[in-house]
Amino acid sequence: NGEASLFEVNIRYIGGLLATYYLTGEEVFKSKALELGEKLLPAFNTPTGIPRGVINLGRQGTRSLSSPCSGMSWSWGWASAGSSILAEFGTLHLEFLHLSALSGNPVFAEKATLSLPLQVLNIRRVLSRVEKPQGLYPNFLSPVTGSWVQHHVSIGGLGDSFYEYLIKSWLMSDKKDSEAKKMYDDALEAIEKHLVKKSAGGLTYIAEWRGGILDHKMGHLACFSGGMIALGAEHAGHERRQRHMELAAEITNTCHESYARSDTKLGPEAFRFDAGSEAMATRLSERYYILRPEVVESYMYLWRLTHDPKYRHWGWEVVKALEKHCRVEAGFSGIRDVYTTTPSHDNMQQSFFLAETLKYLYLLFCEDDVLSLEDWVFNTEAHPLPINHTDFKA
Ligand code: DMJ
């Protein structure tokens with residue numbers, strides 16, 4: 001009993017179990033992934049089929065006054081007007097596609113189109129119907145009415161992995177899921193047009209958008225986008241490919257600057273491009289680093305796709321900084337302020353440090369054929385899932 005996040009259970013546990021199954025072939029990981037997947041399904045019982053963010057995973061029939069019944073779902077208390085979050089309901093496709101394929105179970109997939117899980121088809125249907133302001137996807141959607149609840153757009157927190165899963169869905173289908181590719185291309189075009197900006201000092205960044213007004217801020221979370229855009233560019237036509245590779249390199253450079261301009265050589269949670277500030281946190285509450293992976297994730301993709309040695313140099317700077325400022329007796333810890341050389345520790349080693357940060361650093365320094373980008377996509381928690389080179393049907 002208790003609250004579990006649909007999104008986190010999917011990306012961390014189901015993604016982890018699926019990847020372990022594919023890497024070891026041991027049935028137990030497959031059956032546990034399927035068991036857990038089934039427990040998430042009640043979250044989709046909403047008028048639109050857009051899932052709610054929180055679900056109770058307790059055993060059936062355990063309802064009491066203090067604990068809700070298994071399968072009950074609800075929206076996050078902090079999400080405006082009972083809304084569901086774009087990055088949460090938009091980050092299911094990779095795992096659900098594998099659950100469908102592994103189970104052949106119509107609970108996960110409509111028999112006729114076995115390849116696209118019902119839940120994902122439905123989410124795409126709602127998103128294609130709703131009007132998108134200037135082609136952008138806001139972060140909060142009502143699971144009851146299927147309309148936006150607030151016009152906040154961000155490629156960082158609350159939006160991020162929605163975009164990532166569109167391009168990776170297409171790649172994982174061996175480039176057959178053309179609907180996902182079109183959604184990705186259209187979304188990126190709107191982002192390029194309305195959110196990509198250059199600072200006075202020449203740094204390219206992706207701003208956030210609040211009801212038409214730009215917030216000149218980039219979160220650490222948004223730094224994954226350099227890698228994503230490079231990955232997508234690889235498969236675009238000549239003109240787009242060049243433009244997107246440049247954009248990816250520029251954004252990754254900006255994220256590197258956010259690290260280089262700090263005393264610890266680790267980057268803050270958010271950095272700004274206003275009031276004379278360039279790639280630095282301006283608020284005390286945004287100066288922390290919790291061992292997040294997004295910057296080294298982009299270094300890894302850019303390295304594999306360009307082999308420019310600067311990405312390995314930048315990755316090594318991170319390794320040294322982690323050793324110097326984050327290593328503690330029992331492991332590694334986040335720090336409260338990247339702008340002091342004697343930072344205090346937050347006493348927490350987030351699970352994404354092992355799952356993502358260290359894995360991406362490892363992949364940055366090993367040979368390209370270790371979990372090759374030709375054969376694997378990484379889910380948003382860096383768990384590798386195989387590309388279906390054979391039988392996807394769109
Ligand atoms: C990870 O849990 C995932 O990458 C998620 O998509 C957002 N970022 C965190 C780590 O920063």
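Because only heavy atoms are used, hydrogens play no part in the values below, and waters and symmetry mates are left out as well, while side chains stay in. In listed order, ligands and their atoms are each counted from 1. Model, not experiment: these values are computed from the prediction.
Among residues at least two apart or in separate chains, ring pair (Phe, Tyr, Trp, His ring centres under 6.0 Å) pairs with a member in residues 170-197 are Trp170-His235.
At least one donor-acceptor pair closer than 3.5 Å links the side chain of Lys39 to the backbone N or O of Leu57.
Here is the list of ligand 1 atoms found below 4.0 Å of a heavy atom in Arg12: 2 (O). The Thr380 neighbourhood of ligand 1 comprises atoms 3 (C), 4 (O), 5 (C), 6 (O), with distances under 4.0 Å to a heavy atom of that residue. Listed by number with element, the atoms of ligand 1 under 4.0 angstrom from any heavy atom of Leu221 are 7 (C), 8 (N), 11 (O).
Once rounded to the nearest 0.5 Å, the distance linking CZ of Arg241 with CZ of Arg243 reads 14.0 Å.
Looking only at heavy atoms of the protein, atom 9 (C) of ligand 1 is closest to Glu294 OE2, 3.8 Å. Glu381 OE1, 2.6 Å is the protein heavy atom nearest to atom 2 (O) of ligand 1.
Ligand 1 is never approached by Glu297 to a heavy-atom distance shorter than 4.0 Å.
Of the heavy atoms in Thr91, none comes closer than 4.0 Å to ligand 1. If you look at Gln350 next to ligand 1, there are no close heavy atoms at all, none under 4.0 Å. Residue contacts with ligand 1 for Pro293 involve side-chain atoms from C-beta outward but no N, CA, C or O (heavy atoms, distance under 4.0 Å).
The shortest side-chain heavy-atom distance between Ile55 and Val9 does not fall under the 4.5 Å cut-off.
Listed by chain and number, the residues in a side-chain contact (heavy atoms from CB on, under 4.5 Å) with Asn379 are Ile11, Leu94, Glu95, Tyr165, Glu381, His383, Leu385 (sequence neighbours excluded).
For Phe44 and Phe96, the ring centers sit closer than 6.0 Å to each other.
More than 12 heavy atoms of other residues, nucleotides or ligands shown are found within 6.0 angstrom of CZ on Phe365.
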